[in-house]
Amino acid sequence: MSAIYILWLRELKRYTRSRVQIIASLGQPLLYLLALGFGLGPVFERAGNGSYVQFIAPGVVGMSILFMCIFSGISILWDRQFGFLKETLVAPVSRMQIMLGRTLGSATVATFQGVLVFIICLIAGLRPHNWATALPQAFVFMAMVAITFAALGTAFGSVIKDMQGFPIVMNFMVMPMFFLSGALYPLSHLPSVLTVITRLDPLTYGIDGLRGSLTGVWHFNFALDVAVMAFIAAAFLSLGAYFFSKIQI
Amino acid sequence: MIRVDNLVKTFGDFTAVKGISFDVKQGEIFAFLGPNGAGKTTTIKMLTTLLKPTSGTVELDGLNPMLQQKEARQRFGIVFQDPSLDGEQTAYENMELHGVLYHVPRKVRTERIESLLKLFELWDRRDSYVKEFSGGMKRRLEIARGFLHTPKILFLDEPTLGLDPQSRNQLWSHVKRLNETEKTTVFLTTHYMDEADRVAHRIAIVDHGQLIAQGTSAELKASTNTESLEEAFLALTGESLRDESASTAEGMRQMARMWRR
Ligand SMILES: Nc1ncnc2c1ncn2[C@@H]1O[C@H](COP(=O)(O)OP(=O)(O)O)[C@@H](O)[C@H]1O
Ligand SMILES: [Mg+2]
């Protein structure tokens with residue numbers, strides 16, 4: 001247990017000590033929120049879909065959690081290159097504990113990042129439909145998205161061996177997952193191929209959960225989103241644990 | 001304390017370690033010397049659970065490190081050939097993390113961290129980030145960390161590589177001191193023959209994955225009819241140069257440095 005704790009703590013320290021990076025990582029969500037939120041807002045409203053900032057804010061929160069998780073996972077690569085990974089892998093604790101400590105640490109950091117972006121969204125004009133239920137429900141989804149993708153990040157960080165793999169992961173896994181998740185557009189009335197793809201995207205259910213919790217507009221429903229996310233989280237945690245256990249140094 | 005019998009490691013069709021056997025007694029300082037690519041690091045990796053031997057047996061304090069991994073890991077400390085510190089944490093935090101991973105009880109941990117950091121003259125810098133340390137300080141910290149959980153065996157893989165003579169000298173004094181006070185068995189590799197001569201009780205020389213001689217420094221000199229350990233080493237291993245493949249790790253570290261800017 002204490003091994004999990006100390007590695008979890010390390011991720012938190014790493015995050016809180018890089019203030020510049022925290023601010024820098026708020027730039028991208030802010031850009032999406034402002035440029036798209038206000039840029040596409042008029043078109044979106046004319047189409048009768050209501051406020052676009054209201055619509056896109058949960059997507060932007062989900063995106064920032066997703067990216068944070070992947071970046072944290074990729075930091076396994078740095079630890080490998082700077083040698084610290086060896087120190088943990090040769091210690092008398094199981095790989096599972098090391099993997100959990102790291103992954104839960106990334107997830108905690110990413111959730112925190114999600115809360116920061118959420119606050120920015122509030123400033124930009126997001127209005128939860130019902131504060132009392134919206135906040136706890138949204139938090140549940142933030143945490144679930146964070147754990148799910150932190151585990152996926154750990155899997156990526158364990159599999160790819162050098163930085164050349166990073167753009168591949170970003171361009172062929174992470175960005176598609178974001179763009180096909182319904183973070184930026186409604187999932188109804190899509191071409192049928194796209195409907196199928198969006199339903200296969202794990203992030204879809206997290207974004208829908210966030211949006212439903214915050215704005216009261218669901219594509220699926222609370223129970224389905226929670227169930228699917230819990231299932232995917234378990235699957236990705238197993239995947240992350242498996243690949244992490246295969247790391248050779 | 002360490003018993004190795006007919007140890008073999010093959011990578012694909014290349015055999016890096018070709019049937020090495022030796023014994024290291026409790027409390028002994030044992031130097032494992034050889035030119036680049038001789039198979040020293042590979043042997044250490046097999047002794048420390050990081051690589052599975054292709055064949056042969058290893059026994060550490062009566063344990064098989066492959067079967068009783070956790071128990072074996074608890075019993076040894078290791079200073080890798082490449083750095084293994086967390087630069088983003090302070091010296092103290094690096095020690096603390098190690099202590100927790102090795103199940104050192106809190107009270108003992110606090111006491112030992114203080115005494116080891118003082119011994120290795122890092123106590124004043126305990127709250128500095130490790131990335132700000134010089135090469136010598138990093139090495140000292142790694143060795144202090146290796147001793148933290150009171151291992152029965154300490155593996156040191158080229159611990160003095162790249163250090164100035166002062167740091168090297170001081171580092172070996174500390175290792176010798178701890179070997180005497182804590183009865184830690186030390187298994188080391190180095191390219192500096194004078195160090196091995198001064199510190200080690202017994203020396204083994206490997207080349208091309210084979211053990212070609214072992215004994216005390218005096219015995220090795222006598223058997224080769226030479227005056228110094230360096231001459232004995234050259235007499236045994238020949239004068240030809242060994243090419244070491246450029247490590248990809250170094251390339252990555254350079255890239256990492258660029259990225260961080
Ligand atoms: N993972 C590996 N795959 C293939 N060859 C390896 C691997 N690790 C080491 N070797 C080779 O094994 C030989 C012994 O390496 P090593 O044990 O690092 O030598 P030393 O530490 O004595 O300099 C070298 O020729 C090296 O290139
Ligand atoms: Mg070596």
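In the text below, chain A, chain B and the rest are named by the order of the sequence lines, each starting its count at 1.
- Contacts of A:Leu89 with chain B are made by backbone atoms alone, with heavy-atom separations under 4.5 Å and no side-chain atom involved.
- Closest heavy-atom contact between B:Lys70 and A:Pro92: O-CB, 3.5 Å.
- Heavy atoms only, all atoms of each residue included: A:Phe84 and B:Leu97 are closest at CZ-CD2, 3.8 Å.
- Remark: B:Phe76 pairs with B:Phe155 by the ring-ring contact (aromatic ring centres under 6.0 Å, His included) rule, at least two apart or across chains.
- One distance of note links CD of A:Gln248 with CG of B:Leu51; it measures 7.0 Å at 0.5 Å rounding.
- Atom-to-atom distance recorded for A:Phe82:CZ and B:Leu85:CG is 12.0 Å, nearest 0.5 angstrom.
- Atom NZ of B:Lys45 is surrounded by 12 or fewer heavy atoms from other residues, nucleotides or ligands within 6.0 Å.
- At a heavy-atom separation below 4.5 angstrom, chain B is approached by A:Val93, A:Ser94 within residues 93-102 of chain A.
- No more than 12 heavy atoms of other residues, nucleotides or ligands sit less than 6.0 Å from atom CZ of A:Phe139.
- In this structure, A:Phe231 places its CZ atom where only 12 or fewer heavy-atom neighbours from other residues, nucleotides or ligands lie under 6.0 Å away.
- Heavy atoms of B:His103 lying under 4.5 Å from chain A belong exclusively to its side chain.
- Contacts with chain A were tallied for B:His149, B:Gln69, B:His98; B:His98 has the most, counting heavy-atom pairs under 4.5 Å.
- Within residues 104-128 of chain B, no residue has any heavy atom closer than 4.5 Å to a heavy atom of chain A.
- Residue B:Arg145 touches chain A through its side chain alone, counting heavy-atom pairs closer than 4.5 Å.
- In this structure, the portions of B:Leu101 lying under 4.5 Å from any heavy atom of chain A include both its backbone and its side chain.
- The number of heavy atoms from other shown groups lying within 6.0 Å of CZ (B:Phe22) is above 12.
- In plain terms, the two heavy atoms of B:Ser84 and A:Lys86 that are nearest each other are CB-CE, 4.2 Å.
- Looking at B:Glu93, the atoms closer than 4.5 Å to chain A (heavy atoms on both sides) all sit in the side chain, from C-beta outward.
- Contacts between residues 12-30 of chain A and chain B, counted as heavy-atom pairs separated by less than 4.5 Å, involve A:Lys13, A:Arg17.
- The two residues B:Val100 and A:Ala3 make their nearest non-hydrogen contact at CG1-N, 4.2 Å.
- In plain terms, the two heavy atoms of A:Val90 and B:Tyr102 that are nearest each other are O-OH, 3.4 Å.
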